[in-house]
Q: 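My questions all concern the structure below.
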Amino acid sequence: MAYAAYLRIYEPVAAFHEPERSRWVAYGASSTRPRRRDSLAVEHAEALRRAITTPRVTVPEQESEHAYVRRADGITYVCPWQTRLRCLLVYGQMRSESDDDPALAGPARLHILASIWTVPLTWFVPFAPAERWLSLGQGRGRAAGPATASATRALVYTTPMVRARRRVARGLAALRHLPAGSGDTAVEPVLEPARAVGDLADVGRWLEDFHPYSLVELDYGGLVHLVGDDALCGDQSVAEIRAAIDGAARGECELAAAMYMRARDRWRAFAEFEQAN
């Protein structure tokens, strides 16, 4: 199991050009494709097979034919896995000479971003607390609240692209009005507005690359297996980051810093699992 979270874009099949459009329509209707609840496990299994193959397959020869699929209001949305492209980009980041590699040239429009061991706080901005879907699966520890019944353990947020862009724009406007060093303590800086603006602007630019009627999804992925049911049920990171932005918009720097710190400290604890591993 990969301890990673994912930010995904699902585009309506109508957004793709032919012959891709027809291929994704047929794929969405296929009874043999991986179901949504199984797709992450299938993707991880493929990565494991590449890793244990001799010689090791760093980059697949062909692009993946698979995608995550969602349906809403009679519309089919797809998020291509783009396994080869994602592997190429990761491989390129590990090579100092990657800029000279023609295989890595050209624009890369990734539908999936991944973060190992933690969720970047800017990833919570596009979502609202009510857009959360939680399933405890078989559970780990005692459940602290209601959750959707499912065999899969998952915590997912999904929102329409127009809402995601609007929330990011509002977040940027609020953060740009915060003075530097907002909420700093004697021990360490709490909130660095300039850095937060830069990170959130990157998310905003990424969202702009896709169809305006797309769906945006935040999936906690394998991170849900690092904590018990109580902690998972009690995770309110989206609400905390929204409260931080609301505070910043009203000029309430102390509130903004307090909400930011609450979310930051939670995800720092997640990141410490990497050291323990």
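The analysis underlying the following values was restricted to heavy atoms, covering all of them including side chains, and did not include hydrogens, waters or symmetry mates. The structure displayed is predicted, hence computed values, not measured ones.
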Q: I'd like to know if I116 and L223 are part of one continuous hydrophobic network [Ile/Leu/Val/Met/Phe/Trp/Tyr, side-chain heavy atoms within less than 4.5 Å].
A: yes

Q: Between P160 and L215, which heavy-atom pair has the shortest distance, and what is it?
A: CA-CD2, 4.1 Å

Q: State, yes or no, whether a side-chain contact exists between Y260 and L121 at a heavy-atom distance under 4.5 Å.
A: yes

Q: Between CD of Q236 and CZ of R262, what distance do you get to the nearest 0.5 Å?
A: 10.0 Å

Q: Quick one, I9 with L207, criterion side chain to side chain contact (heavy atoms under 4.5 Å, CB included). Give me CA distance, side-chain angles, the key distance, then yes/no.
A: CA-CA 8 Å; I9 302 294; L207 295 177; 3.8 Å; yes

Q: Hey, are the side chains of H66 and P34 touching, using non-hydrogen atoms and a 4.5 Å cut-off?
A: yes

Q: Identify the heavy atoms of A114 and W123 that sit nearest to each other, and give their distance.
A: C-CH2, 3.8 Å

Q: Would you confirm whether D235, through its side chain, and S237, through its main-chain N or O, come within 3.5 Å as a donor-acceptor pair?
A: yes

Q: If you measure from CH2 on W267 to OG on S115, what distance do you get to the nearest 0.5 Å?
A: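 Answer rounded to 0.5 Å: 9.0 Å.
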
Q: Closest heavy-atom contact between V238 and P129?
A: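 Answer, listing the atom of V238 first, then P129: CG1-N, 3.6 Å.
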
Q: A side-chain contact here means heavy atoms from C-beta on lying under 4.5 Å apart; do L200 and L175 qualify?
A: yes

Q: Can you name the closest pair of heavy atoms from A128 and R242 and give their distance?
A: CB-NH2, 3.7 Å

Q: For the hydrophobic clusters of this structure (ILVMFWY residues joined by side-chain heavy atoms under 4.5 Å, transitively), does one cluster hold both I75 and V162?
A: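 Looking at the clustering, V162 is in a separate group from I75.
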
Q: Okay, side chain of R71, backbone of Y77: is any donor-acceptor separation there less than 3.5 Å?
A: no

Q: Restricting to non-hydrogen atoms, name the atom on V119 and the atom on F124 that form the minimum distance, rounded to 0.1 Å.
A: CG1-CZ, 3.5 Å

Q: For the atom pair CD (E208) and CZ (R205), what is the distance rounded to the nearest 0.5 Å?
A: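 These two atoms lie 10.5 Å from each other.
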
Q: Just how far is it from atom CG of L113 to atom CH2 of W206, taken to the nearest 0.5 Å?
A: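 Nearest 0.5 Å value for the CG-CH2 distance: 4.0 Å.
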
Q: For the CZ atom on R250, are there more than 12 heavy atoms of other groups (residues, nucleotides or ligands in this structure) within a distance under 6.0 Å?
A: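 Correct, the count exceeds 12.
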
Q: Between L172 and I241, is there a shared hydrophobic cluster once you connect ILVMFWY residues whose side-chain heavy atoms come closer than 4.5 Å?
A: yes

Q: If you define the side chain from C-beta out and look only at heavy atoms, does anything of C233 sit under 4.5 Å from L134?
A: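 Yes. Closest side-chain heavy atoms under 4.5 Å.
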
Q: Does the E217 side chain pair with the main chain of V156, one donor and one acceptor, at a distance under 3.5 Å?
A: no

Q: Under 6.0 Å from the ring centre and within 45 degrees of the ring axis: does the NZ or CZ of R167 meet both conditions for the six-membered ring of F127?
A: no

Q: Could you please spell out the steps behind the side chain to side chain contact (heavy atoms under 4.5 Å, CB included) verdict for Y213 and E11?
A: CA-CA 7 Å; Y213 294 152; E11 292 193 281; over 6 Å; no

Q: Please confirm whether the backbone N or O of P19 pairs with a side-chain atom of S22, one donor and one acceptor, at under 3.5 Å?
A: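 Side chain of S22 to backbone of P19, a donor-acceptor pair under 3.5 Å: no, none is there.
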
Q: Taking the side chain as everything from C-beta on, heavy atoms only, tell me whether P12 gets closer than 4.5 Å to H211.
A: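 Counting from C-beta outward, P12 and H211 do come under 4.5 Å.
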
Q: Could you tell me if R70 sits above the aromatic ring of Y10, with its cationic atom closer than 6.0 Å to the ring centre and no more than 45 degrees from the axis?
A: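 Cation-pi check for R70 and Y10: passes.
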
Q: Donor-acceptor pair, distance only, cut-off 3.5 Å: does the side chain of E240 make one with the backbone of M259?
A: no

Q: Y27: which other cluster members, linking ILVMFWY side chains closer than 4.5 Å, directly or transitively?
A: V13, F16, W24, V25, V69, V78

Q: Under 3.5 Å, side chain of R8 to main-chain N/O of I112, donor-acceptor pair present?
A: no

Q: So which atom in T118 and which in A5 form the shortest heavy-atom distance, rounded to 0.1 Å?
A: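 Scanning both residues, the minimum pair turns out to be O-CB, 4.2 Å.
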
Q: Output yes when a side-chain donor or acceptor of R163 lies under 3.5 Å from a complementary backbone atom of P126, and no otherwise.
A: no

Q: Rounded to the nearest 0.5 Å, what separation is found between the CG atom of L7 and the CG atom of L218?
A: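 Spacing of CG (L7) from CG (L218) equals 6.0 Å.
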
Q: Spell out, as yes or no, whether a donor-acceptor pair under 3.5 Å connects the side chain of T152 to the backbone of A154.
A: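 Judged by distance alone, no pair lies under 3.5 Å.
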
Q: Test side chain to side chain contact (heavy atoms under 4.5 Å, CB included) on H111 and R109; report intermediate values, then the result.
A: CA-CA 6 Å; H111 284 71; R109 200 172 69 107; 3.8 Å; yes

Q: Looking at NE2 of H225 and CG of L232, how far apart are the two atoms once the value is rounded to the nearest 0.5 Å?
A: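 Those atoms lie 9.5 Å apart.
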
Q: Could you check R165, E131, R166 and say which one makes a side chain to side chain contact (heavy atoms under 4.5 Å, CB included) with T159?
A: E131

Q: Does some side-chain heavy atom of D229 sit less than 4.5 Å from a side-chain heavy atom of R153?
A: yes

Q: Answer with yes or no after comparing the ring centroid distance for W117 and Y220 against a 6.0 Å cut-off, counting only values under it.
A: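 W117 vs Y220: aromatic centres not under 6.0 Å.
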
Q: For D199 and R195: C-alpha separation, side-chain torsions, deciding distance, then whether side chain to side chain contact (heavy atoms under 4.5 Å, CB included) applies.
A: CA-CA 6 Å; D199 291 344; R195 179 176 179 180; 3.8 Å; yes

